[in-house]
Amino acid sequence: MALHTTRAPRDGDAATDVFASAFSGHVLPKYRMPEEPTPPGVVHAMIDSELLLDGNAAQNLATFCTTWTDEAVHRLMDACMDKNMIDKDEYPQTAEIESRCVNILADLWNAPGAGGGAAATGCSTTGSSEAAMLGGLALKWRWRERRRAAGLPTDRPNLVCGPVQVCWEKFARYFDVELRQVPLEEGATGLRPHQLARYVDENTIGVVAILGVTYTCDYEPVAEIAAELDRIQAEHGWDVPVHVDAASGGFVAPFLHPEVVWDFRLARVASINTSGHKYGLAPLGVGWILWREADLLPEELVFRVSYLGGDMPTFALNFSRPGGQIIAQYYIFLRLGREGYRRVQQACADTARELASVIAEMGPFTLLYDGTGALPAVSYTLTDPEGAGFSLYDLSDQLRMRGWQVPSYPLPPEREGTVIQRVLIRHGVTRDQMSLLAADLRRAVEVLSAPAPQADADRSGFHH
Ligand SMILES: Cc1ncc(COP(=O)(O)O)c(C=O)c1O
């Protein structure tokens, strides 16, 4: 009997290596599944090669999201690959750990009674976007209940906010709420309390205040926004709650800016969301939403699933979702503790400040944000956009040649004439890396400021 009976196209796979195998001799099928299976090592190597075309995440200075995790997180994620967090009955310990994380956050954000054994109200989500949907839905339901109880119309809800991330535009469109986006004032980095009076009315389901505006990285003044809403309530009787979108700031302010009062210490703050996968340092795929007390989450929005023979309340847009990110978040909470988070975020803030001072000295830039007082980031604009001879978009392209992804974009409405560039510093982005970026920035400015395009003969070629 013949020992080798594999069909011809696969011959040689075992005798050579993946790059001399039959499969690697072809362009990969892209839009139809192949008829035959292929050895996993070969397919893996081919896909791995294709992924090299993606940007290098460590050089992606546009993202707020985690791009570095320690080995233990990799191991936990692997161990949890098969855990579906929605199956509370099958994976009760994952459910328990999710609940511990919610309580840890309630304590961190000063929810009434938190830390003393009182059960906090909240849940994990896939990120801040899902959390925003849940927070927005709770605001809408509560506003509608109040209006119905008073016999008032419920057909024109609105949500008031400054320059929000697109998730709030999605919430408004998907759930039929008018989004009243307050434009940026000259010189402002976000919503300013005195602007509210023109936008808030009896149909306002809530005001979103952002702790770490996506475009400018600054904190909106949550306490002052709450105080202005107190004033509006005293004048008109409208009791408008605040939801804080702390996607990034929820894990920065408690450690670096404890003097900023933005969380459940403010009675008007009804709910807060954050992204575990941003400055929470968990791997991609986890966010959190918490309500200051159980009454603020309407019962009709909560579904009950069976849990250890009992019942477990759930509020989510998805059903199945991986449990690993939640476990990894819990690991990071225990691993770092408050002091560990403080050191990580402080290191980022110090790196941001250092980079800011180097950029300020380069010449063509004016700093808009130097990494002090809010998120660890730097943003700047061209001092003389007309006279510079290049745009920030040109500069982004030039930096891209070295692998750096540094976004340039216009500020939100009514300041869209100002184009800025922003560098986010997060865990894993080092001082040394930023000194290399600064050197590349200098070189890029020199190239772009050169009076005429170089002749082909002057360009460097490949010398090998
Ligand atoms: C302020 C703010 N809210 C919400 C989001 C959306 O977060 P996620 O990507 O976790 O859905 C972002 C993302 O950058 C953000 O900056």
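Worth knowing before you read on, the calculation uses all heavy atoms, side chains too, and leaves out hydrogens, waters and symmetry mates. Numbering of ligands and ligand atoms starts at 1, following listing order. Small disclaimer: the values here were computed from a predicted structure and weren't measured.
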Protein heavy-atom partner closest to atom 11 (O) of ligand 1 - residue, atom, separation in Å: S129 OG, 2.6 Å
Minimum-distance protein heavy atom relative to atom 3 (N) of ligand 1: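 For atom 3 (N) of ligand 1, the nearest protein heavy atom comes out as D245 OD2, 2.6 Å.
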Please classify the [X] to ligand 1 contact at 4.0 Å (heavy-atom distances, strictly less than): side chain, backbone, both or neither.
{"X": "K278", "value": "side chain"}
{"X": "S128", "value": "both"}
{"X": "N273", "value": "neither"}

Per-atom contacts, ligand 1 versus [X] - under 4.0 Å to a heavy atom:
{"X": "A247", "answer": "1 (C), 2 (C), 3 (N), 4 (C), 15 (C)"}
{"X": "C167", "answer": "4 (C)"}
{"X": "F64", "answer": "14 (O)"}
{"X": "I210", "answer": "1 (C)"}

Sub-4.0 Å heavy-atom contact, H277 with ligand 1: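 Per 4.0 Å heavy-atom rule, H277 contacts ligand 1.
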Whether G287 lies under 4.0 Å from ligand 1, heavy atom: no
Within-4.5 Å side-chain heavy-atom neighbours: F365 and L395: yes
Parallel, tilted or perpendicular: ring planes of F333 versus F251, cut at 30 and 60 degrees: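 Rings of F333 and F251: tilted, as their planes differ by 30° to 60°.
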N/O separation below 3.5 Å, W168 to ligand 1: no
N or O contact, T214 vs ligand 1, cut-off under 3.5 Å: yes
Gap separating the NE2 atom of H194 from the CD1 atom of I225, nearest 0.5 angstrom: 10.5 Å
Result block: side-chain N/O donor-acceptor pairs under 3.5 angstrom for residues 314-327, not counting sequence neighbours:
residue	atom	partner	partner atom	Å
T314	OG1	F303	O	3.4
N318	ND2	S320	O	3.2
S320	OG	N84	ND2	2.9
R321	NH1	S124	OG	3.4
R321	NH1	T125	O	3.3
R321	NH2	S124	O	3.0
R321	NH2	S124	OG	3.1
Q325	NE2	L284	O	3.0

Lys/Arg-Asp/Glu bridge criterion (N-O < 4.0 Å) met for R231, E228: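 Judged by the 4.0 Å cut-off on N to carboxylate O distance, R231 and E228 do form a salt bridge.
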Please output the side-chain donor-acceptor pairs of residues 136-143 that fall under 3.5 Å, not counting sequence neighbours, one pair per line with the distance.
residue	atom	partner	partner atom	Å
K140	NZ	F175	O	2.8
R142	NH1	L296	O	3.2
W143	NE1	E202	O	3.1

